Amino acid sequence: MKCSEIISFLEKKYPPSCAEDWDNVGLLAGSDQKSVEKIFLALDLTEDTLEQACAFGADMVITHHPMIFSGMKKINNHTFTGRRILRLIQEDISYYAMHTNYDVMGMAKESADRIQLQEQQVLSVTSEQDGREEGFGRVGNLKEVLPLGAYAECIKKWYQLSDVRVYGNLEQMVKRAAICTGSGKSFLKEAIRAGADVYVTGDIDHHTGIDAVAQGIAVIDAGHYGTEYIFAENMQKVLKEAFPGLLVKTAEVKVPYTVL
């Protein structure tokens with residue numbers, strides 16, 4: 001199967017037009033005429049995940065976060081990005097990234113389903129697809145009213161995390177939640193306007209956390225990696241269903257930091 005056939009499928013399901021203007025999605029390295037039998041999936045293309053892909057014998061690597069964001073004037077072994085690009089070329093691996101277009105058309109609903117939100121609505125509408133509003137994040141009701149601390153424990157379980165950071169009174173009751181995976185502090189105002197009692201996201205800084213509580217909304221920071229590593233397992237299901245003949249492998253789940 002040609003790489004171009006896989007890209008055509010992905011771009012119908014997750015249109016690049018849904019990506020933010022600042023983003024860099026699509027085929028970032030390699031040929032779309034490459035014959036593909038093995039696909040490797042990861043959140044980020046790090047030295048470790050690239051090594052895993054090469055050991056797997058991948059013909060194509062697909063990540064959520066693009067390794068290349070801005071223009072590059074030189075590609076050589078003097079930079080970590082240059083070294084990875086050279087390795088991709090040497091190994092004849094085509095590299096594709098699907099970032100904010102996947103956030104809008106995939107991750108938003110998948111994350112809301114994972115935390116069992118009911119009566120889901122788009123948190124921040126950015127486009128319309130097939131007559132439906134699409135955008136970043138979701139807001140909805142919980143199946144049952146819970147204390148904030150208990151709900152935070154549920155988030156840990158649903159995402160299989162060892163820790164989360166909670167801003168707010170652990171005893172307060174929550175019945176409506178908003179979620180935006182990755183770095184979602186820019187959508188905090190939307191979560192407040194949507195009437196959420198708690199906002200689940202990642203990369204919350206000190207001032208954003210305490211200011212959120214002052215405005216009447218609790219925050220559960222489950223981490224950027226913690227909320228988005230599910231990209232690989234979700235995409236594996238999609239690709240296996242669409243292309244049963246392909247071998248699809250995901251990167252090892254490994255939080256990129258240590259809590260002491």
Side-chain angles (χ1 to χ4, degrees), residues 1-16 18-19 23 25-30 32 34-67 84 87-88 91-116 134 136-138 155-161 179-182 202 222-256:
M1 174 173 291
K2 292 285 183 67
C3 177
S4 58
E5 296 176 73
I6 298 165
I7 291 174
S8 178
F9 165 77
L10 291 174
E11 295 190 347
K12 285 178 182 175
K13 193 171 180 65
Y14 312 102
C18 291
D23 205 359
V25 301
L27 184 65
L28 304 189
D32 67 356
K34 166 77 176 176
S35 180
V36 176
E37 295 181 0
K38 295 182 177 182
I39 297 178
F40 187 82
L41 302 166
L43 180 62
D44 299 283
L45 190 61
T46 63
E47 282 84 356
D48 181 45
T49 54
L50 180 52
E51 196 60 47
Q52 291 178 48
C54 292
F56 175 56
D59 303 302
M60 183 178 186
V61 169
I62 302 174
T63 66
H64 182 42
H65 297 141
M67 180 179 67
R84 292 175 204 166
R87 182 74 185 278
L88 287 167
E91 299 286 347
D92 191 21
I93 297 173
S94 294
Y95 170 50
Y96 186 87
M98 42 197 303
H99 188 206
T100 51
N101 54 323
Y102 181 78
D103 284 332
V104 168
M105 297 302 296
M107 190 77 85
K109 186 176 186 309
E110 288 158 4
S111 60
D113 289 344
R114 180 169 287 248
I115 68 170
Q116 302 179 15
E134 299 289 355
F136 293 99
R138 291 289 188 272
I155 296 297
K156 284 173 60 178
K157 180 181 73 173
W158 290 328
Y159 277 97
Q160 299 178 357
L161 302 174
I179 184 168
C180 183
T181 62
H224 200 129
Y225 182 89
T227 55
E228 290 200 327
Y229 77 90
I230 62 171
F231 162 80
E233 65 179 70
N234 291 339
M235 189 51 51
Q236 184 181 46
K237 294 174 185 174
V238 169
L239 289 172
K240 282 188 170 182
E241 182 178 340
F243 306 105
L246 291 178
L247 294 177
V248 184
K249 184 178 176 64
T250 65
E252 296 172 7
V253 176
K254 185 178 180 181
V255 178

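No experiment lies behind these values; they were computed from the predicted model shown. These numbers come from the heavy atoms of this one structure, side chains and all, not from hydrogens, waters or symmetry mates.
- Minimum interatomic distance between T227 and T181 (heavy atoms only, all atoms of both residues): O-CG2, 3.4 Å.
- For the residue pair C3 and L27, the shortest heavy atom distance occurs at SG-CD1, 4.4 Å.
- Between H64 and Y102, the ring-plane angle classifies as perpendicular under the 30° and 60° cut-offs.
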With a 3.5 Å cut-off and sequence neighbours excluded, list the donor-acceptor pairs that the side chains of residues 232-246 form with protein atoms.
from, atom 1, to, atom 2, distance (Å)
E233, OE2, R114, NH2, 2.9
N234, ND2, E110, OE1, 2.9
N234, ND2, I230, O, 3.2
Q236, NE2, V248, O, 2.9

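- Checking side-chain atoms of S8 against main-chain N and O of S4 turns up no donor-acceptor pair under 3.5 Å.
- How far CZ of F231 is from OG of S111: 14.0 Å, rounded to the nearest 0.5 Å.
- Panel note: side chain E228, backbone L43; no donor-acceptor pair is recorded below 3.5 Å.
- Between the Y14 side chain and the A19 main chain, no donor and acceptor come within less than 3.5 Å of each other.
- Annotation: the span from S94 atom OG to D59 atom CG amounts to 8.0 Å, rounded to 0.5 Å.
- At a threshold of 4.5 Å between non-hydrogen side-chain atoms, the residues L45 and V61 count as touching.
- Side chains of M67 and D44 form no contact here, defined as non-hydrogen atoms less than 4.5 Å apart.
- Taking all atoms of both residues into account, the shortest heavy-atom contact from T49 to F40 is O-CE2, 3.4 Å.
- With respect to R87 and E51, a salt bridge is recorded, a charged nitrogen being found less than 4.0 Å from a carboxylate O.
- Note that the CD1 atom of I155 and the CG atom of L161 stand 9.0 Å from one another [nearest 0.5 Å].
- Taking every heavy atom of both residues into account, Y95 and T63 meet most closely at OH-OG1, 2.8 Å.
- Here E37 pairs with nothing under the salt bridge (charged side-chain N to carboxylate O under 4.0 Å, His left out) rule; sequence neighbours left out.
- Residues K249 and K38 have side chains not in contact (no heavy-atom distance under 4.5 Å, counting atoms from C-beta outward).
- In this structure, CG in D23 is found 8.0 Å from CG in D103, a value given to the nearest 0.5 Å.
- Going from atom CD1 of I115 over to atom NZ of K157 covers 13.0 Å, rounded to the nearest 0.5 Å.
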Show, in sequence, the C-alpha distance, side-chain angles and deciding distance for K34 and M60, and conclude whether the side chain to side chain contact (heavy atoms under 4.5 Å, CB included) test is met. CA-CA 8 Å; K34 166 77 176 176; M60 183 178 186; over 6 Å; no

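- Residue T250 holds its OG1 atom at 7.0 Å from CG of L41, rounded to the nearest 0.5 Å.
- The heavy-atom pair separating F56 from L247 by the smallest distance is CZ-O, 3.9 Å.
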Walk me through it: do Y96 and L28 pass the test side chain to side chain contact (heavy atoms under 4.5 Å, CB included)? CA-CA 6 Å; Y96 186 87; L28 304 189; over 6 Å; no

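- Nearest heavy-atom pair across M105 and K13 is CB-O, 4.0 Å.
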